[in-house]
Amino acid sequence: MTEEMIEVFGAREHNLKNIDVVIPRNKLVVITGISGSGKSSLAFDTIYAEGQRRYMETFSAYARSFIGDMERPDVDKINGLSPVISIEQKTTSRNPRSTVGTVTEIYDFLRLLYARAGEAYSFVTGKKMIRQSEDQVINHILENFLNKKLVLLAPLVKGRKGHYRELFEQVRKLGFTKVRINENLEDIVPKMQLDRYKTHDIELVVDRIVAKEEDRYRITQSVKIAMTHGKGVVMLLDENNQIHHFSKYLMDPESGISYDEPAPNSFSFNSPYGACQQCNGLGVIEEITEDAVIPDPNLSISRGGIAPLGEFRDIWIFKQIDVILKRYKLNISSAIKDIPREVLEVLLYGSNEAVEVDSKKYPGETWETKYEGIINFLKRQHETGSDKTQDWISEYTREKTCPECNGARLKKESLHFKIDQKNIAELSAMDVNVLEEFFVNIESRLTDRQNLIAAEVLKEIRKRIKLLLDVGLDYLRLNRPMRTLSGGEAQRIRLATQIGSQLVGVLYILDEPSIGLHQRDNVKLIDALKNLRDLGNTVMVVEHDKDMMLACDYILDIGPGAGRHGGNVVAHGTPAQFLNLGSTTASYLNGTKMIEVPIVRREGSGKVLVLKQATGNNLKDVTLTLPLGKMICVTGVSGSGKSTLIHDTLFPILNRFFFNAKKEPLAYKDLEGLEHIDKVIEVDQSPIGRTPRSNPATYTGVFTEIRNLFAQLPESKIRGYGQGRFSFNVKGGRCETCEGGGMKVIEMDFLPDVHVQCETCKGKRYNRETLEVRFKGKSISDVLDLTVEQAVEYFEAQPKILRKIATLKEVGLGYITLGQHATTLSGGEAQRVKLATELSKKDTGKTLYILDEPTTGLHFEDIKRLMDILNKLVDKGNTILIIEHNLDVIKVADHVIDIGPEGGTKGGTIVAEGTPETVALNEVSHTAKFLKIELESSLNFQNHQ
């Protein structure tokens with residue numbers, strides 16, 4: 001029996017209360033519970049950490065000396081543990097070169113396919129490129145030029161400068177007597193040379209022949225010699241002075257251009273052999289724009305109208321500008337909008353005319369200088385300046401699509417290799433479901449030779465595409481950067497890769513894979529996990545999703561509360577058994593508890609914000625109307641265009657209007673109603689920091705107040721400690737071994753970096769003297785180790801500190817510590833830290849809040865609490881716009897906008913809008929079907945009560 005179980009005895013990691021757990025093997029197991037109850041402590045910090053530690057112990061002592069010993073989790077014993085693979089949300093790459101195609105390896109197989117079976121076309125004439133062997137060249141000459149006089153040439157130099165004296169001497173010594181220079185035949189003479197500053201084409205005259213069958217031997221020898229000297233290329237000059245090209249490599253017979261032999265790296269945007277040289281394979285370039293340099297044309301130059309220069313000072317550049325303006329009868333105090341366009345061109349891009357500036361040192365003298373222009377100066381500094389200068393100039397740059405490759409990332413040669421008339425960039429730009437259709441019966445559209453080469457590669461590509469479809473990612477494109485995906489999408493890509501590896505006997509631990517997934521696609525995800533289980537693996541999922549819990553084999557509920565109020569197993573069993581147990585989770589699943597639907601929906605302020613004709617990505621001329629003073633929910637299947645509409649179009653417009661932000665919005669026509677709101681706040685799931693130095697205390701700003709408090713203590717004043725003494729980011733009070741990090745990073749070549757506790761301060765971040773200053777018995781390090789809940793009690797007499805910490809507790813983060821490293825927070829937790837930071841500020845009653853799936857990582861009980869906070873904000877007159885799939889949020893909203901009907905190219909239109917009750921009646925919307933069921937069950941619940 002024990003062989004079929006994973007047994008955990010005495011787990012005490014973080015808030016776990018010395019619990020014993022028995023989990024069935026080769027089953028789909030869901031670990032659930034209130035946020036912060038200890039689910040992740042059990043799944044990741046105990047079971048996964050122990051599995052990883054045991055794996056490390058199999059390495060030799062020599063290999064382990066590089067890794068350092070991994071700390072054993074605080075647990076007595078774990079039996080029946082398999083090799084462990086964890087699929088978390090936090091492991092997405094921030095590298096712009098990492099795309100869906102590279103991570104899933106589909107793009108690698110496409111590169112192989114194009115390198116071996118692609119057909120090359122000329123980028124000059126569009127004709128198909130051909131390669132010819134020596135025999136084919138000879139037969140072509142004898143068939144098409146019979147009895148004609150021909151000159152056989154070998155190209156030596158093509159379009160290059162130089163005098164080529166050594167080259168002529170070299171070929172003369174080999175016995176050749178004639179060359180063709182810039183289309184003229186000339187004899188080779190001793191000491192012959194050309195103009196070194198002009199561009200030349202030089203071909204060697206190998207033989208002059210008449211094409212006859214009886215001279216086949218001579219022609220064969222001459223073609224061989226020409227191929228050798230021309231490096232595989234031969235040219236033929238006929239009686240009409242026309243040139244014909246032949247090559248044993250890929251060549252366009254009309255224009256004579258040739259391509260190198262294709263290899264897989266010719267199609268890689270991460271390799272110099274394939275990447276577009278202008279954008280280095282990124283598809284975008286940074287350009288200094290006039291709008292960034294002159295943000296407000298109403299200002300004059302002296303008042304700081306040219307942003308990089310700032311306000312007028314007595315410096316050289318202002319003197320130059322003054323002289324130029326006086327030339328046109330203008331002055332430095334003129335508003336920029338009144339300066340004629342041709343003068344502005346001179347100021348920004350320079351001119352060849354000399355500028356005479358009066359000398360300060362020698363009165364009456366003038367200095368004659370060249371004026372290069374502000375934008376030209378910034379460009380030069382951006383390329384050659386120091387890192388600091390480049391950072392400063394990047395404020396005035398905007399990203400734009402690379403004009404050379406039009407965002408395709410590859411060289412033009414690579415983009416002219418085609419399969420079924422499509423190049424590799426066109427396939428990468430297709431949605432995965434369209435790509436699958438492209439590969440259906442592709443064999444019938446390929447030649448026999450291509451089919452022979454491509455058979456195995458096509459099998460691998462189809463298999464991987466099917467895996468992406470199985471986890472509900474049919475709307476993604478292969479060229480989509482990984483950093484633009486949500487945590488759930490990135491996790492499902494990794495899940496698809498794991499299913500494809502077909503491993504058996506492994507324990508997979510997943511962290512909320514249903515994030516960002518519409519109810520319709522949930523079934524696909526559950527089937528994918530069951531598929532992984534049926535291969536012979538144990539699948540353990542930390543999850544709050546109702547469908548997932550009811551479809552699994554075994555549920556483990558940790559609780560009853562968060563932080564120190566959790567850490568116990570409150571219920572466990574199969575879904576059927578679990579529904580009859582009394583835990584909070586079971587109550588929500590069996591319908592005895594529910595988030596209630598409001599009896600009356602809000603009327604709002606009567607004012608609207610209207611975004612007209614948005615056409616970015618897959619949006620089809622969408623006009624979005626947002627009724628202000630309401631809670632608005634934007635819904636739709638994954639990939640339908642919600643993020644494009646809200647994050648990439650609406651938010652950048654508002655952010656630019658209110659805060660002069662840099663990001664360009666996607667295409668739209670107009671935005672009306674801006675006067676009805678006075679600021680916009682976006683709360684997304686990006687990390688609050690990239691290093692262990694960032695934490696909730698520093699992000700919310702409460703740490704500044706805490707440091708102030710410590711600096712005011714009598715002990716600090718006696719010792720002369722200021723606020724900086726209690727900062728772990730500057731020298732003075734911090735531990736210098738780890739420079740205040742508390743952790744040291746050990747860089748691993750073949751595994752992720754490992755963070756090890758600093759041996760000097762034992763993770764406390766500060767030196768001994770700083771830790772001797774105490775407030776209510778605790779040092780500054782002890783304060784960072786307090787949970788939010790404990791801190792609320794500890795700082796109850798400090799209103800400034802309390803206000804910020806209390807909001808953290810209100811959004812359901814009572815269990816995290818103030819100093820918890822930002823890198824260990826999930827996407828949902830990071831989002832709630834941001835939300836708490838914004839809530840602790842004073843609202844204006846005219847603020848628009850934009851939230852992206854705020855229920856990520858939240859239990860039903862936590863969602864209830866979050867909705868109460870958001871409702872308070874709306875009641876004050878603010879507007880909240882939520883992108884959400886969770887039906888508990890959608891049914892509570894005042895106004896729902898459903899985008900769809902499908903994902904990718906089949907989405908991008910508003911399918912339904914209105915109150916949840918109105919949307920639920922829509923026949924086309926996928927959200928409507930699920931919303932209708934949810935509203936009916938809520939109604940029954942409320943009637944029953």
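The analysis underlying the following values was restricted to heavy atoms, covering all of them including side chains, and did not include hydrogens, waters or symmetry mates.
- For D391, the CG atom sits in a packed shell: over 12 heavy atoms of surrounding residues, nucleotides or ligands are nearer than 6.0 Å.
- Taking the side-chain contact (heavy atoms from CB on, under 4.5 Å) definition, one finds that E793 meets it with R564, sequence neighbours left out.
- Between D782 and R774 a salt bridge is recorded (basic side-chain N to carboxylate O distance below 4.0 Å).
- With hydrogens and angles ignored, the 3.5 Å screen pairs a side-chain donor or acceptor of S60 with a backbone N or O of A63.
- Evaluation of the side-chain contact (heavy atoms from CB on, under 4.5 Å) rule for D547 yields Q519, N522, I526, D545 as partners, not counting sequence neighbours.
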Please set out all donor-acceptor pairs under 3.5 angstrom arising from side-chain atoms of residues 552-562, sequence neighbours excluded.
unit_1, atom_1, unit_2, atom_2, d
D553, OD1, R533, NH1, 3.0
D553, OD2, L28, N, 2.7
D553, OD2, R533, NH1, 2.8
Y554, OH, H572, ND1, 2.9
D557, OD1, T585, OG1, 3.2
D557, OD2, S583, OG, 2.8
D557, OD2, T585, OG1, 2.9

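- Minimum heavy-atom separation, L517 to V471: CD1-O, 4.4 Å.
- Of all the heavy atoms in N26 and T538, the pair that sits closest is N-OG1, 2.8 Å.
- Here the side chain of N767 pairs a donor or acceptor atom with the backbone of G732 at under 3.5 angstrom.
- No side-chain donor-acceptor contact under 3.5 Å links N265 to the backbone of S271.
- The closest donor-acceptor contact from the side chain of E853 to the backbone of G516 lies under 3.5 Å.
- For Y699 and F703, the ring centers are positioned 6.0 Å apart or more.
- Distance CD1/I515 to OG1/T856: 5.0 Å, rounded to 0.5 Å.
- A salt bridge links D684 to K834: one of the charged nitrogens lies within less than 4.0 Å of a carboxylate oxygen.
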Are R483 and S98 close enough, and set up right, to give a side chain to side chain donor-acceptor pair (under 3.5 Å), and what steps lead you there?
-> CA-CA 8 Å; R483 61 182 180 173; S98 181; over 6 Å; no

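- In terms of heavy-atom proximity, Y815 sits nearest to R832 at OH-NH2, 3.4 Å.
- Within 6.0 Å of atom NZ in K388, 12 or fewer heavy atoms from other residues, nucleotides or ligands are found, so the atom counts as exposed in its surroundings.
- Counting heavy atoms from C-beta on, the side chains of N729 and T698 never come closer than 4.5 Å.
- Put simply, the side chain of I106 does not reach to within 4.5 Å of the side chain of F109, judged on heavy atoms.
- E736 pairs by the side chain to side chain donor-acceptor pair (under 3.5 Å) definition with R734, not counting sequence neighbours.
- We find the OG1-CZ distance between T104 and R464 to be 8.0 Å, quoted to the nearest 0.5 Å.
- Considering CG of L473 and CG of L467, their distance stands at 11.0 Å, rounded to 0.5 Å.
- Expressed to the nearest 0.5 Å, how far CG of D511 lies from CD of Q491 amounts to 6.0 Å.
- With hydrogens and angles ignored, the 3.5 Å screen pairs no side-chain donor or acceptor of K778 with any backbone N or O of F775.
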Checking side-chain contact (heavy atoms from CB on, under 4.5 Å) for the pair L16/D74: CA distance, chi angles, key distance, verdict?
-> CA-CA 10 Å; L16 296 178; D74 193 359; over 6 Å; no

Apply side-chain contact (heavy atoms from CB on, under 4.5 Å) to the pair V30 and F578, showing each step before the final yes or no.
-> CA-CA 12 Å; V30 168; F578 187 82; over 6 Å; no

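- In this structure, I6 and V29 have side chains that are not in contact, with every pair of non-hydrogen atoms separated by 4.5 Å or more.
- D20 meets the side-chain contact (heavy atoms from CB on, under 4.5 Å) test with F9; sequence neighbours excluded.
- Taking the side chain as every heavy atom from C-beta outward, Q502 and L535 approach each other to under 4.5 Å.
- In this structure, R97 CZ and N270 CG are separated by 5.0 Å, a value rounded to the nearest 0.5 Å.
- For E71, the CD atom sits in a loose shell: 12 or fewer heavy atoms of surrounding residues, nucleotides or ligands are nearer than 6.0 Å.
- The pair D470-K466 meets the salt-bridge criterion, since a charged nitrogen lies less than 4.0 angstrom from a carboxylate oxygen.
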Intermediate values then yes/no, side-chain contact (heavy atoms from CB on, under 4.5 Å), V21 and I47 = CA-CA 11 Å; V21 179; I47 297 172; over 6 Å; no

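- Counting heavy atoms from C-beta outward, Y766 and V773 have side chains that stay 4.5 Å or more apart.
- Using a 4.0 Å cut-off between charged nitrogen and carboxylate oxygen, K530 and D527 do not count as a salt-bridge pair.
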Before giving the answer on side chain to side chain donor-acceptor pair (under 3.5 Å), spell out for E543 and S514 the whole-Å C-alpha distance, their side-chain angles and the decisive distance to 0.1 Å.
-> CA-CA 8 Å; E543 187 58 275; S514 67; 2.9 Å; yes

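- A salt bridge links E772 and R719; the closest N-O separation between the charged side-chain nitrogens and carboxylate oxygens is under 4.0 Å.
- With hydrogens and angles disregarded, no donor-acceptor distance shorter than 3.5 Å links the side chain of Q52 to the backbone of V84.
- Contact record, G505 with N537: N-OD1, 2.9 Å, taken as the closest heavy-atom pair.
- A salt bridge does not link E489 with R492: every distance from a Lys NZ or Arg NE/NH1/NH2 to an Asp or Glu carboxylate oxygen is 4.0 Å or more.
- In this structure, L771 and S781 approach most closely via the heavy-atom pair CD2-CB, 3.5 Å.
- I493 is listed as a side-chain neighbour of L468, based on a closest heavy-atom distance under 4.5 Å.
- Contact check for I19 versus N568: side-chain heavy atoms found under the 4.5 Å cut-off.
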When you look at L42 and V542, which way does the side-chain contact (heavy atoms from CB on, under 4.5 Å) test go after all the steps?
-> CA-CA 10 Å; L42 176 63; V542 175; over 6 Å; no

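- Remark: the backbone N or O of G566 is paired with a side-chain donor or acceptor of K17 at under 3.5 angstrom.
- With sequence neighbours excluded, the residues that form a ring pair (Phe, Tyr, Trp, His ring centres under 6.0 Å) with F710 are F726.
- Ring geometry for Y107 against F269 counts as tilted: the plane angle lies between 30° and 60°, on a 0 to 90° scale.
- No more than 12 heavy atoms of other residues, nucleotides or ligands sit less than 6.0 Å from atom NZ of K77.
- Aromatic ring orientation, H859 versus H544: perpendicular (interplanar angle above 60°, classes split at 30° and 60°).
- Between the N15 side chain and the S37 main chain, a donor and an acceptor come within less than 3.5 Å of each other.
- Distance alone, capped at 3.5 Å, places no donor-acceptor pair between the S727 side chain and the G724 backbone.
- With rounding to the nearest 0.5 angstrom, the SG atom of C735 is 13.0 Å from the CZ atom of R768.
- E512 contributes a side-chain N or O that, together with a main-chain N or O of G857, makes up a donor-acceptor pair within less than 3.5 Å.
- Across R116 and A263, no two heavy atoms sit closer than the pair NH1-CA, 4.5 Å.
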